Amino acid sequence: MSAPTTSSDRGGFQSRLGFILAAAGSAIGLGNIWRFPYTAGENGGGAFIALYLLCVLGLGVPVMLAELAMGRATRHNPVGAYARLGGRRWAAAGGLGVVTGFGILAFYSVVAGWTLGYLWHAVSGTFAQPIDAKTSGALFSGLISDPVWAVVLAGLFLALTMVVVRAGVGGGIETASKILMPVFFVLLLGLALRSVTLPGASKGIAFMFEADFSKIRAPVVAAAMGQAMFSLSLGMGAMITYGSYFPRHENLVVAGVSVAFFDTLIALLGGFLVFPALFAAGIEPSAGPGLVFVVMPTIFHHLPAGQLFAVAFYALLAIAALTSTISLLEVVVSYFVDERGWRRPRAVYLVGGACFLLAVPSALSQGALPALSDVLGTGQGWLDWQSVVFGTYSLILGALLTCVLVGWRWGAEAARAVVEEGGHRLPMAALWSVLVRYVCPLAVVAVLVYVIRTGASF
Ligand code: PFF
């Protein structure tokens with residue numbers, strides 16, 4: 001069982017702002033700019049986006065508060081938190097979170113590696129001249145199908161993550177996020193404004209707003225739920241871990257809701273950036289994981305100081321990805337440190353090294369191992385497959401387990417008391433309780449049952 005750790009030897013965030021920055025750093029990442037647009041594109045656009053917003057409000061915010069309360073109440077990693085609140089058998093639910101974090105990190109670092117590759121292109125002047133969709137597509141294929149590049153870039157990104165996590169997530173990353181996240185936001189706003197004013201952009205805006213709900217099937221609902229969980233860093237214990245460092249007297253509701261709000265704002269901005277530019281350049285919305293990487297280079301030359309914009313954009317995207325990979329690795333590392341008594345450096349090297357091994361097939365699957373998708377019979381690459389298994393279904397299952405534990409086993413009233421610690425009232429507490437106890441679990445179970453019954457391929 002857990003080694004005895006107290007809040008004093010685990011450290012913690014100094015302030016609510018410190019927490020919001022770290023948690024927003026975890027939430028805001030490739031999920032907003034890379035995964036959200038292509039998932040929305042694959043699932044029909046407007047209707048998916050409406051469903052996504054509903055999932056953020058109805059599932060994301062309640063689960064966010066539940067996870068934070070679990071962390072605050074126990075001051076432990078996900079496995080320790082589940083075990084303390086639910087009994088020994090519930091530790092497996094935390095274990096699922098740890099495995100999921102590991103699985104997400106393995107494919108996330110591959111995509112984060114691509115951002116480094118694009119940063120390199122931006123610095124070396126590739127985007128100084130106009131680039132059309134075809135050239136951009138060829139550039140992307142060239143980058144991801146070069147086995148050495150793809151593996152080296154993923155490894156480099158994991159190494160960067162390991163350096164930060166080994167040192168502990170201290171003042172450095174908090175201070176850096178404080179400066180960099182607002183800059184990222186302003187840049188994104190600038191790019192999105194340019195994107196929506198491109199000739200032909202109106203089709204992209206229409207695509208985001210036209211809501212044809214007739215195409216919504218169980219796998220699409222699952223994708224929207226999974227994307228909401230993924231983007232908010234929920235369903236695998238990242239917010240349990242961060243909540244365990246949250247100051248006791250601070251307002252948890254304001255912190256949790258702020259994180260959800262900013263994350264959603266940035267995802268929508270990601271949509272306003274990608275879809276208009278995509279239609280302007282004549283690219284298919286259902287292009288899959290390469291979408292944002294192919295779209296972006298087509299708009300830089302429409303901007304004043306386009307090359308500078310490109311450098312800043314990829315640098316900040318890489319940073320946004322790094323603050324997310326840190327939290328992913330931290331969840332797994334905190335498990336080995338808290339529960340297995342490993343020293344932090346050992347946990348970082350072993351987990352990071354193992355993750356690299358799992359990342360290699362993802363890095364290669366886009367070009368060097370195209371046959372793998374045939375072997376798996378999914379029609380998708382290994383990376384897409386990992387993204388769906390760990391980044392959608394495992395997270396939805398995690399959300400379900402969180403709701404059952406908090407709503408039924410631990411009890412919504414007890415959890416509410418922890419949320420309200422420090423004298424901060426939880427508005428609409430009765431609604432929260434109904435969502436956590438009934439609506440969220442039933443919605444998740446219904447979607448999973450439908451997906452299994454229809455045998456839908458993911
Ligand atoms: N929320 C991150 C993103 O949107 O890029 C990804 C992520 C980080 C998922 C941490 C889960 C997690 F625990």
Side-chain angles (χ1 to χ4, degrees), residues 21-40 52 55-56 60 63-64 67-68 70-71 77-78 81 94 96-115 157-158 161 164-165 169 173 177 181 184 188 223-244 256 259-271 289 292 316-335 351 355 386-399 402:
L21 286 172
S26 167
I28 296 166
L30 297 173
N32 308 60
I33 314 293
W34 161 71
R35 201 175 189 261
F36 176 70
Y38 91 76
T39 310
Y52 172 79
C55 289
V56 168
V63 172
M64 170 78 80
E67 280 202 20
L68 291 176
M70 286 174 70
N77 70 88
L96 174 72
V98 172
V99 171
T100 304
F102 185 78
I104 293 179
L105 183 58
F107 73 81
Y108 200 94
S109 47
V110 173
V111 182
W114 298 347
T115 67
F157 208 91
L158 269 174
T161 310
V164 179
V165 176
V169 187
I173 195 81
S177 319
M181 290 324 266
F184 181 61
L188 201 60
M225 282 181 170
Q227 177 59 24
M229 295 297 106
F230 185 88
S231 192
L232 295 170
S233 300
L234 296 171
M236 49 147 282
M239 290 299 161
I240 298 178
T241 310
Y242 276 21
S244 76
V259 170
F261 175 78
F262 286 116
D263 184 71
T264 308
L265 197 65
I266 300 239
L268 290 176
L269 263 183
V292 74
L316 290 167
L317 192 56
I319 289 163
L322 185 64
T323 50
S324 298
T325 52
I326 288 166
S327 69
L328 286 162
L329 184 58
E330 178 64 25
V331 169
V332 188
V333 165
S334 75
Y335 162 73
V351 173
C355 201
Q386 271 179 312
S387 170
V388 172
V389 171
F390 295 116
T392 298
Y393 286 94
S394 198
L395 293 183
I396 300 178
L397 201 59
T402 301

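In each ligand, atom 1 is the first atom listed, and ligand 1 is the first ligand listed. Because the structure is a prediction, the values reported are computed rather than measured.
- Listed by chain and residue number, the protein contacts of ligand 1 are Ser26, Ala27, Gly29, Leu30, Gly31, Asn32, Tyr108, Phe230, Ser231, Ser233, Met236, Ala238, Ser324, Ser327, Leu328 (heavy atom within 4.0 angstrom).
- Taking Phe107 as the reference, nothing meets the ring-ring contact (aromatic ring centres under 6.0 Å, His included) condition, with sequence neighbours excluded.
- By the side-chain hydrogen bond (donor to acceptor under 3.5 Å, both in side chains) test, Thr392 is found to be paired with Arg35, residues two or more places apart in sequence or in another chain being considered.
- Side-chain contact check for Leu317 versus Phe184: some heavy-atom pair is nearer than 4.5 Å.
- A 4.5 Å side-chain heavy-atom check between Leu328 and Met236 finds at least one atom pair inside the cut-off.
- Between the OG1 atom of Thr115 and the CG atom of Leu30 there is a distance of 6.5 Å, given to the nearest 0.5 Å.
- Applying the side-chain contact (heavy atoms from CB on, under 4.5 Å) criterion to Ile319, with sequence neighbours excluded, gives Leu180, Leu316.
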